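As structure tokens, the structure follows; a few thoughts come after it.
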Amino acid sequence: MPNVSVNGITIDDTFAEAFGMRATAIIITAPNRKWARQAAITMTGFATSVIGCGCEAAIDVELPPSATPDGRPGCRVMIFAMGTEELQKQLLNRVGQCVLTSPGSACFAGLEGSAALKLGSALRYFGDGWQISKKIGGRHFWRVPVMDGEFLCEATTGLTKEAVGGGNFFVMAESSAKALVAAEAAVAAISQVPGAIVPFPGGIARSGSKIGGKYKGMIASANEAYAPTLRGVVKSALGPDINAVLEIVIDGETNDAVTAAMKAGIKAVLDLGPHKGAVRISAGNYGGKLGKFIYSLKDMLP
Amino acid sequence: MKALTFTLVAEPPERLDLSPLTAERLAGIERHDIEKIQIGMSKHGSKVGDIFRVAGNDPLDIVFEGGSARLDRVAEGMRDGSVRLVGDAGAQAGRAMRGGKLTIEGNAGPHAGSAMRGGRLEITGNAGDHLGAPLAGELAGMNGGVLIVRGKAGAFAADRMRRGLIAVLKGSGDHAGSRMIAGTLVVAGGAGEMPGYLMRRGSILLDRAPKSLSPSFVECGAPESVFAAIIDRHLIAEGILKRPLLGNAPHKYGGDNAVLGMGEVLFPR
């Protein structure tokens, strides 16, 4: 099938290739929205890619007081990693250093999964013997004394093995400003999709990469086919009208969540049109042989 | 199948031990054999058929129509199904139950829910002394499950409680939560003298300041508490209370420092 055009935007006949991952989720609450977001943003900092951060994490959705276990504003945070052991380590380090420390915070399980990951049952040792265990309505909580009262933390949270990491698409535009506008529109749309996160800064990656490189030890390096400054000197994927490419990378709790997020993001870019935003949409893959999940762009159109 | 119904014919001539009448112990027993089970505890030796008119056949849904303070050990050790007593119960109702649901639509005698480990026991009237408490010689009282008393409870409610939730809605007698090991006791409507006497761990949640506490309790401030929000919401969601009990920053007393001192008495500011 040749490339198609929707609303004046070219959609490449290609696909995104994604991988199975392990994921978990927690709900962070705080006295107000500002501090719930602060704790969530802090614990998901430096969590853009498993290549260098150990995990990929971001806020999934913000929760109103009516949707949280303690009736305060909250955020659902998702964390993705390649293995259970690394996921457990990242979860405890991040909640221990960034949520336990954040004023007024509390932390709850955000996922019912096939297995449990330790949360409060490990962090309770901060209480140095003054921690209190409470089982309320079948849920187990730990209360740890801290300097502004108590840190309440659910004992465990769930783990899913159905998670998918690496769903993606490229937003290609005549200028970096237009590419950014289109990518921001896509991120805003994806943020409304439950169970999907975009872990890069503001949800957007500008340094999409290929596997390996000419230097020893590089796991990933410049994707020169999509670098506009190299358009003339390498076998480029870019036509003369493209001067900026931004990538949206999506991790989802399930295959369906990634599909929904890609559809929402692509629709937002298409709705924006070629004059304000992108003129072309593509996606990254490895030939389709490495990843378990394939998202063909032509299936993602509204 | 229809609910297995025991209708009380007249006031019993002696105390009765109703512990054989649970789903577990009645499974596979025909009605005429049920009527031959001896439940009288004195020389009368009354049998089920002497005291009750029996109808229905579903042992997972047992109803006692008519109560008496002589009906002891109702649903003792039950694990599954439901038992409903329309009327009063005697001593040790729901003792050592592990699951299922027991409802007493009347008053219960002493040691109701004694050493229960699971399930839900609800008493719409009042309960006697030693609610959920151990019998003499036992190390721990209630060890799990939910026990609700819509009326008053006597003295020593939740004595030596170890796990689970007890809620008393119209006030308790003296020494509620004495010697608690852990768990949660809720008393609305005022507790008597010295709640939490010699408690080690656990939470006693009151709707007002206690009128007295053992002198080995110490004042521990009133910081904002997520636990208070969680338990308030839980009590409302379970239909136990209609309004929040503690608010978001309850006052805390810690104790009893005559023993371990890791328990707490919380009440709204």
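Lettering of chains follows the sequences in order, A, B, ..., and the numbering in each one begins at 1. What you are looking at is a predicted structure, and each value in this text was computed from that prediction instead of being measured.
Applying the 6.0 Å contact sphere to CZ of A/Phe151 captures more than 12 heavy atoms from other residues, nucleotides or ligands. Residue A/Phe126 qualifies as open at atom CZ: its count of foreign heavy atoms under 6.0 Å is 12 or below.
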Please list every donor-acceptor pair closer than 3.5 Å that links chain B with chain A, giving the two atom names and the distance for each.
residue, atom, partner, partner atom, Å
B/Gly183, O, A/Lys134, NZ, 2.9
B/Thr184, OG1, A/Lys134, NZ, 3.0
B/Ser203, OG, A/Lys134, NZ, 2.8
B/Arg233, NE, A/Pro69, O, 3.0
B/Arg233, NH2, A/Thr68, O, 3.1
B/Glu264, OE1, A/Arg143, NH2, 2.9
B/Glu264, OE2, A/Arg143, NH1, 2.7
B/Glu264, OE2, A/Arg143, NH2, 3.1

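Residues that satisfy the ring pair (Phe, Tyr, Trp, His ring centres under 6.0 Å) test with B/Phe156, not counting sequence neighbours, are B/His130, B/His175.
Heavy-atom pairs under 4.5 Å with chain B were tallied for A/Gly149, A/Pro31, A/Gly137; the largest tally goes to A/Gly137.
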